[in-house]
Amino acid sequence: MTELTSLGPTRDAYDAVAAVYAEQFHDSLRDRAVERALLGAFAELVRANGDGEVADLGCGPGYVTAHLHGLGLRAFGVDASPEMIGLARAAHPGLRFEVGSMGALALADGTLAGVLSRWSIIHLPPRELPSVVAEFARVLAPGGHLLVAFPATDGPEHETQSYDHVVATAYRWNPDRLAALLRTHGLTETTRTTIAPHPTDRRQFAEIQLLARKD
């Protein structure tokens with residue numbers, strides 16, 4: 001477990017915009033058919049391996065946690081922002097939401113059947129990513145599944161690239177190097193999907209959805 005030096009500034013930035021963020025993105029899965037399909041596949045894989053809990057890390061206002069619950073998973077959400085967690089609890093009172101850090105989860109080793117990290121690693125400085133991946137691996141049970149979504153770098157020559165996120169400094173990651181980092185912690189990539197940007201998107205870089213299984 002590692003306390004993240006980036007946690008405080010990122011938490012404060014999201015606290016400040018929590019209500020606006022929740023309003024803007026509450027139905028963002030509606031127009032993302034490919035991502036909904038991938039979340040469905042993730043849920044099916046987790047259910048096939050038992051009835052364990054699934055953590056939505058960086059859950060924000062909780063709409064994706066609720067989507068996972070609707071797919072039949074025992075999902076709960078974790079976010080560093082108390083304001084985000086307050087909104088998630090208000091919107092989804094039947095679900096569990098906790099304030100916490102991806103670098104130091106209040107969970108015992110090997111207790112989760114699944115981990116979702118949907119764009120939650122983007123605010124990690126490169127030096128902090130390995131410790132967070134280690135934490136993902138620590139809390140997953142053998143056979144558990146990780147689905148991590150993130151923006152890709154422009155090419156293999158770039159391990160990471162920062163970009164102009166409106167809330168806090170953010171980073172893109174090289175998918176091959178991230179997959180290699182997962183392997184060092186016993187997480188084997190099983191599926192990788194690249195979603196190309198729409199021509200009208202403000203940021204013209206690809207989105208990666210990477211599914212891995214704990215050995």
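Predicted, not measured: the structure shown is a model, and the values here were computed from it.
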Check your understanding: Counting only heavy atoms not in His69, do more than 12 fall under 6.0 Å of its NE2?
Key -> no
Review point. For atom CD of Glu44, is the number of surrounding heavy atoms from other residues, nucleotides or ligands below 6.0 Å larger than 12?
Key: no
Tell me whether [X] is salt-bridged to [Y], with the criterion being a basic N under 4.0 Å from an acidic carboxylate O.
X: Arg172; Y: Glu159; value: no
X: Glu135; Y: Arg138; value: yes
X: Glu35; Y: Arg118; value: yes
X: Asp215; Y: Arg183; value: no

Review point. Taking C-beta and beyond as the side chain, do Arg192 and Ile208 meet within less than 4.5 Å on heavy atoms?
Key: yes
Check your understanding: Considering only heavy atoms from C-beta outward, does the side chain of Thr65 approach that of Phe97 to under 4.5 Å?
Key -> yes
Review point. Is the distance between the ring centroids of Phe205 and Tyr163 under 6.0 Å?
Key: yes
Point to revise | With Asp51 via salt bridge (charged side-chain N to carboxylate O under 4.0 Å, His left out) - residues at least two apart | key: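 Applying salt bridge (charged side-chain N to carboxylate O under 4.0 Å, His left out) to Asp51 gives Arg74.
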**Study point:** Candidate list Asp154, Thr153, Asn174, test side-chain hydrogen bond (donor to acceptor under 3.5 Å, both in side chains), partner Gln161, passing option
**Key:**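 With Gln161 as partner, Asp154, Thr153, Asn174 yield a single side-chain hydrogen bond (donor to acceptor under 3.5 Å, both in side chains), made by Asp154.
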Review point. With distance as the sole test, does Thr190 use its side chain to make a donor-acceptor pair with the main-chain N or O of Arg213 at under 3.5 Å?
Key: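 Between the backbone of Arg213 and the side chain of Thr190 there is no qualifying donor-acceptor contact (under 3.5 Å).
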Exercise for review: List in chain and number order the residues that pass ring pair (Phe, Tyr, Trp, His ring centres under 6.0 Å) with Tyr14, two or more places apart in sequence or in another chain; answer none if no residue qualifies.
Suggested key: Tyr21, His123
